[in-house]
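Lettering of chains follows the sequences in order, A, B, ..., and the numbering in each one begins at 1. Any value given below was found using the heavy atoms of this structure, including those in side chains, with hydrogens, waters and symmetry copies removed.
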Number of protein chains: 2
Amino acid sequence: MERQEALVQAAYDLLAERGFEGLRTRDIAARVGVNIATLHYYYPTKEKLIRGVVGYAMERFRTTLQPAGSPGEQVRAHFAGIRRLARTEPKLFVVMGELAMRGRRDRAIAAIVRDVDNTWQKVLSALLRQAAKEGAIANPAKADDLAALIVATLKGLFMLPTEGRDPKEVDRQLRALERLIA
Amino acid sequence: MERQEALVQAAYDLLAERGFEGLRTRDIAARVGVNIATLHYYYPTKEKLIRGVVGYAMERFRTTLQPAGSPGEQVRAHFAGIRRLARTEPKLFVVMGELAMRGRRDRAIAAIVRDVDNTWQKVLSALLRQAAKEGAIANPAKADDLAALIVATLKGLFMLPTEGRDPKEVDRQLRALERLIA
DNA sequence: CTTTCCATCAATCAGATGATTGAATGGTAC
DNA sequence: GTACCATTCAATCATCTGATTGATGGAAAG
């Protein structure tokens, strides 16, 4: 793997493990097996490297938003997709949580997070409208608000820590959500 | 105000402003107008001071969970209470978000956060059952799961950043939530 | 008045941390 | 072979950061 990618990947992993609070350039370089000066050769500042991580994480998440499956099942498929992603790439949600929190104090990151949020919400809103048209769910008076609500719920379920909890609980809660919508 | 309280209060404020990432003992002492050694006189370590902040924040939140209002309106009143709290004490939700994230790497904090979560969830679950009994809402098949879902939603709405967003959006989403439940 | 204890401060320490410097290494063009 | 460029490293810097030390002033106790 290219140095540049390897550094972003290592920073991504360490961010998931220790949060921004415990993210150290030395540790990132060490994980790649490289001198700190080499890290600074590719990324002049820690800040620039973090931007790289943001891009990597957001791109990764955005590509999973694309709807798939038979039309009437797409809402359900969307939930299933998120649940699967949480299982196969738990780091991604940890990093997204960290980025969301950091967005409070970093305008640039806030803008990126907001953008991904909006995309997510719009995708979901379109899915809801389509599902309603096909009678799969009740016609939501305000699909946009409902979609935003669902996004907030999924963020609460996956981006905030649930360690020490039975994973089946999350499953049950997701089913409760699907029941509410239908 | 007593030194000890003043230190916890300052740490709480600074935690809300800068997050764990930017929390410095020097700044805390300076905000109280006191020498660092004085801070360490009352709290031997930064960790101990943080425990103080955790207790302060959680107590503050727990006291707002107590149900109030006429029986059939309590669920709605609960939402209104949370919304009001978010308006009058935005710091509290920022701090709770920080604590939730830190809980991922700090077992002691994780246990406390989980405990408050469970309390919240149980209060809400009882309210839902009671509201159903009075016919105010449809009988929820699984009140516990529904309550946990609602808690996750409220956390997603209030503990994760929404800066740069129209506050009316949150209002609309809360109404959408009430509509779903009823 | 002297002793004792509490609270506070200035000064300082040791280790961590982001960043820089100058030299070595190896490959490519001429 | 020599000049040039990209890449990497060991060593070092300046600053930050949590924590400690020894001294000082004042109130309470005897």
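- Protein chain A contacts DNA chain D over a range whose 5' and 3' limits, counting nucleotides with an atom under 4.0 angstrom from a non-hydrogen atom, are D/dA6 to D/dA10.
- Within the structure, a side-chain polar atom (N or O) of A/R24 is placed less than 4.0 Å from OP1 or OP2 of C/dT17.
- For A/K46 and C/dT17, the NZ to C1' distance is 8 Å, given to the nearest whole Å.
- Qualifying side chain to side chain donor-acceptor pair (under 3.5 Å) partners for B/E98, counting only residues two or more places apart in sequence or in other chains: A/R105.
- For A/R172, the side chain to side chain donor-acceptor pair (under 3.5 Å) partners at least two apart in sequence or on another chain are B/D145.
- Annotation: salt bridge (charged side-chain N to carboxylate O under 4.0 Å, His left out) contacts of A/D171 (sequence neighbours excluded): none.
- In A/R62, the CZ atom is crowded: over 12 heavy atoms of neighbouring residues, nucleotides or ligands sit closer than 6.0 Å.
- Contact annotation for A/L23: backbone-only contact, meaning every heavy-atom pair under 4.0 Å involves sugar-phosphate atoms and none involves a base.
- Scored by the side-chain contact (heavy atoms from CB on, under 4.5 Å) test, A/A152 finds B/L157 as partners (sequence neighbours excluded).
- Taking A/E59 as the reference, nothing meets the salt bridge (charged side-chain N to carboxylate O under 4.0 Å, His left out) condition, with sequence neighbours excluded.
- If you measure from atom CG of A/L7 to atom P of C/dA19, you get 14 Å, rounded to the nearest angstrom.
- At whole-Å resolution of the value, CZ in B/R26 and P in C/dA10 are 13 Å apart.
- Identified under the salt bridge (charged side-chain N to carboxylate O under 4.0 Å, His left out) test for residues 30-46 of chain A, with sequence neighbours left out: A/E17-A/R31.
- Within the structure, the ring pair (Phe, Tyr, Trp, His ring centres under 6.0 Å) test picks out the following pairs touching residues 11-52 of chain A (sequence neighbours left out): A/Y12-A/Y56.
- Atom-to-atom, CG of A/L14 to P of C/dG18 comes out at 12 Å; the value is rounded to the nearest Å.
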Can you pull every protein N or O that's under 3.5 Å from an N or O on nucleotides 4-9 of chain C?
from  : atom 1 : to    : atom 2 : distance (Å)
C/dA7 : OP2    : B/Y41 : OH     : 2.4
C/dT8 : OP1    : B/R3  : NH1    : 2.6
C/dT8 : OP2    : B/Y42 : OH     : 2.6
C/dC9 : OP2    : B/N35 : N      : 2.7
C/dC9 : OP2    : B/T38 : OG1    : 2.9

